[in-house]
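Step one of this worksheet: look at the structure below.
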Amino acid sequence: MKIYSLGSEQILKGITTIPYYEGLGIFDSASGVDLWRNPGLISAGYTTTDIGGADVTNIPKFISVYPARSRVYIAGAGGTLDSPATTGKIYPYDMDADILLDTVHSLASPIRGSLALNDNLFYIYGNAVGRAQLDRYPALWYDSWVTNTWTYTGPHPIIKGPDGSGYVLDGRSIDKITISDTTSYSTDALTNKLPLGMVGICGVSDGNYLVIGMSSRIYGYSGTDYADYNSSVVFWDTFSPAFNKKYDFSGGPVRKMVFKDGNVIVFVGDNIYTCSYDSSPQLLVSSRNVENMTTQVDSEANPIDLSDGQLLWGGRNKSDIWSLGSSLPQFNMVLSSPYKVTAGEYVSAIKRITKNKIYVGTTGNKLYALKTGNLPYKARTIPVSLNGFYSITSAKAVFQTGGSATISIQNSDKLNILSQTVDGSRKAQRITRKGTASPIVDRVIFRIESTTATIKNVDLFGVPVDEEYAE
């Protein structure tokens, strides 16, 4: 008799954030499984296509899209993210053909912030703010548009505010780029600076307020003990002489934030929080409970973005790209790990280009496009309850598209009860147990590995056994 079916209802629960609890996800790990490429099915994420080739020679840090001319501008720096070399480059790409269009724009200092605003690309490097007029072809570059003596040597994020202006974080100071017929730059837009000892690290607009993340320190990735960090998020309407609201966070530095579905999502230490002007921070996800997950996104670059209802990010010392959210409105927060970059590299920048294309920069001086192919994937569920004790007899894998897959049914100790590599050229394949009698179990783990197979469901069959005879 059929005793369990791992189908669309379970698949769309995604990766659990609490091991051994089925209510918040079904998978213990699902590396390379894209839940939204074919919603409700187990299928592979896209592979990385190297579009940087020999052209990209720096670490891509910021990716800005200029749709009016189908351009993408990739700002990079030499060296490493923690120790940038004394060079910076901006690569103009055709967002349709995924090729380098014009001459690479070279700078004498690493880029510490970049953003496209209206018809301009602004970039922070050395003691200057550079500006490129993107509505010209080729673009007109003004590397010394504004010279400035920065108060801080770390990152200088440029944030589009609710008033359409650009705001530059410089340590405790907030500078302003006014977009007009005579685009201008002013320092210390906020007379009341960030608190003493705090550094502005990241920011976003929620449509009404400029939201700024600050911490007492920015570096210190050697461990997960963040007790010496003070972190806060403030909301500012951009015209009041003081901040309008402030939330404090514990457990690490604020690293990045993004605005999604009426809320500000904030990366802090090992955790991801959500908050708004009217609601205090609530924990969404902690990476401590999820295998191979990291929330240590890089503050020196921009390795997070939104893509069709999903928050995408990549973190330090991990090659996986993570997703939180859904392409379907009825599934609000589903955790998955659909993509992966080359082993030994980690994500320095990520940007949604079109519905089915994402650009990813890595610490290997690589620029990738995620748009085609099938990534080898491995999915493993938590121990799922069978609501009784059973002797397992067989399983059946039902395929949407062909390709071989290894299907294993394991006990709670991750020892195989059934395991077989089956060919998806047939729509349904049965996996049978051979040899000794099946152990009697009330929970099982499903493990699925493949590259090309798209699987609709895996059904499990067994014979009920009285609990008295269970091991």
Side-chain angles (χ1 to χ4, degrees), residues 13-33 35 81-82 201-202 213 215-233 247-258 260 263-275 280-301 303-304 310-326 332-341 343 346-347 350 378-384 412-414 443 445 447:
K13 292 179 180 178
I15 298 174
T16 185
T17 56
I18 301 180
Y20 303 102
Y21 178 61
E22 296 177 39
L24 296 179
I26 195 67
F27 294 107
D28 179 43
S29 65
S31 178
V33 176
L35 297 177
L81 287 175
D82 287 339
I201 294 177
C202 56
S215 290
S216 56
R217 290 196 296 123
I218 186 170
Y219 297 112
Y221 293 101
S222 58
T224 57
D225 182 7
Y226 301 128
D228 57 342
Y229 280 91
N230 296 312
S231 296
S232 302
V233 166
Y247 295 123
D248 294 324
F249 291 82
S250 61
V254 173
R255 299 185 190 276
K256 285 291 177 183
M257 57 177 62
V258 69
K260 181 182 186 297
N263 293 287
V264 178
I265 297 177
V266 190
F267 286 73
V268 182
D270 290 322
N271 303 317
I272 303 176
Y273 293 88
T274 181
C275 67
S280 58
Q282 301 292 322
L283 179 65
L284 279 179
V285 176
S286 176
S287 64
R288 296 183 181 185
N289 295 327
V290 183
E291 183 177 298
N292 289 326
M293 180 178 161
T294 179
T295 54
Q296 294 185 19
V297 294
D298 211 300
S299 301
E300 285 277 7
I304 70 172
Q310 303 172 64
L311 169 65
L312 297 176
W313 76 92
R316 285 191 170 235
N317 303 319
K318 302 290 185 181
S319 59
D320 297 274
I321 296 174
W322 289 82
S323 163
L324 182 64
S326 168
N332 293 321
M333 286 291 173
V334 178
L335 182 65
S336 62
S337 178
Y339 313 117
K340 185 186 289 287
V341 298
Y346 63 86
V347 175
I350 190 166
K378 296 180 180 180
R380 184 183 67 229
T381 70
I382 61 174
V384 296
S412 296
D413 295 322
K414 300 178 182 178
R443 293 177 179 272
I445 295 170
R447 186 182 180 97

Flag, side chain of S215 to backbone of P253, donor-acceptor distance under 3.5 Å: no

Where P303 and V297 come nearest, the two heavy atoms and their spacing: CG-CB, 3.9 Å

Stepwise side-chain contact (heavy atoms from CB on, under 4.5 Å) test for S31 and K340: CA-CA 8 Å; S31 178; K340 185 186 289 287; 3.4 Å; yes

Side-chain donor or acceptor of K256 paired with backbone N/O of A301 under 3.5 Å: yes

Point-to-point distance, once rounded to the nearest 0.5 Å, from CD1 of I265 to CE of M257: 11.0 Å

Whether W313 side chain and T294 backbone form a donor-acceptor pair below 3.5 Å: yes

Considering all heavy atoms, the nearest E291-D28 contact: OE1-OD2, 4.1 Å

Donor-acceptor contact below 3.5 Å, side chain S287 vs main chain D270: yes

Test item: T381 side-chain N/O and I26 main-chain N/O as donor-acceptor pair under 3.5 Å: no

Value rounded to 0.5 Å, distance of OG1 in T16 from CD1 in I382: 5.0 Å

Closest non-hydrogen atom pair, I201 against V254: CD1-O, 3.4 Å

Value rounded to 0.5 Å, distance of CZ in R443 from OG in S412: 7.0 Å

Distance in Å, S29 OG paired with M293 CE, rounded so as to fall on 0.5 Å steps: 13.5 Å

Nearest heavy-atom neighbours spanning N271 and S286: OD1-OG, 3.0 Å

F267 CZ to D298 CG distance, which is reported to the nearest 0.5 Å: 12.5 Å

Atom of I304, atom of I350 and distance for their closest heavy-atom approach: N-CG2, 3.3 Å

Distance-minimising heavy-atom pair for G315 and Y346: O-CB, 3.3 Å

Side chain proximity check, S337 to I15, heavy atoms < 4.5 angstrom: yes

Verdict with supporting geometry, V341 and I321, side-chain contact (heavy atoms from CB on, under 4.5 Å): CA-CA 8 Å; V341 298; I321 296 174; 4.2 Å; yes

Donor-acceptor contact present, side-chain T295 to main-chain G269, <3.5 Å: yes

Nearest-0.5 Å distance that lies between atom OH in Y247 and atom OG in S232: 12.5 Å

From CA spacing to verdict: side-chain contact (heavy atoms from CB on, under 4.5 Å), V33, F27: CA-CA 10 Å; V33 176; F27 294 107; 5.6 Å; no

Intermediate values then yes/no, side-chain contact (heavy atoms from CB on, under 4.5 Å), V233 and V264: CA-CA 10 Å; V233 166; V264 178; 5.5 Å; no

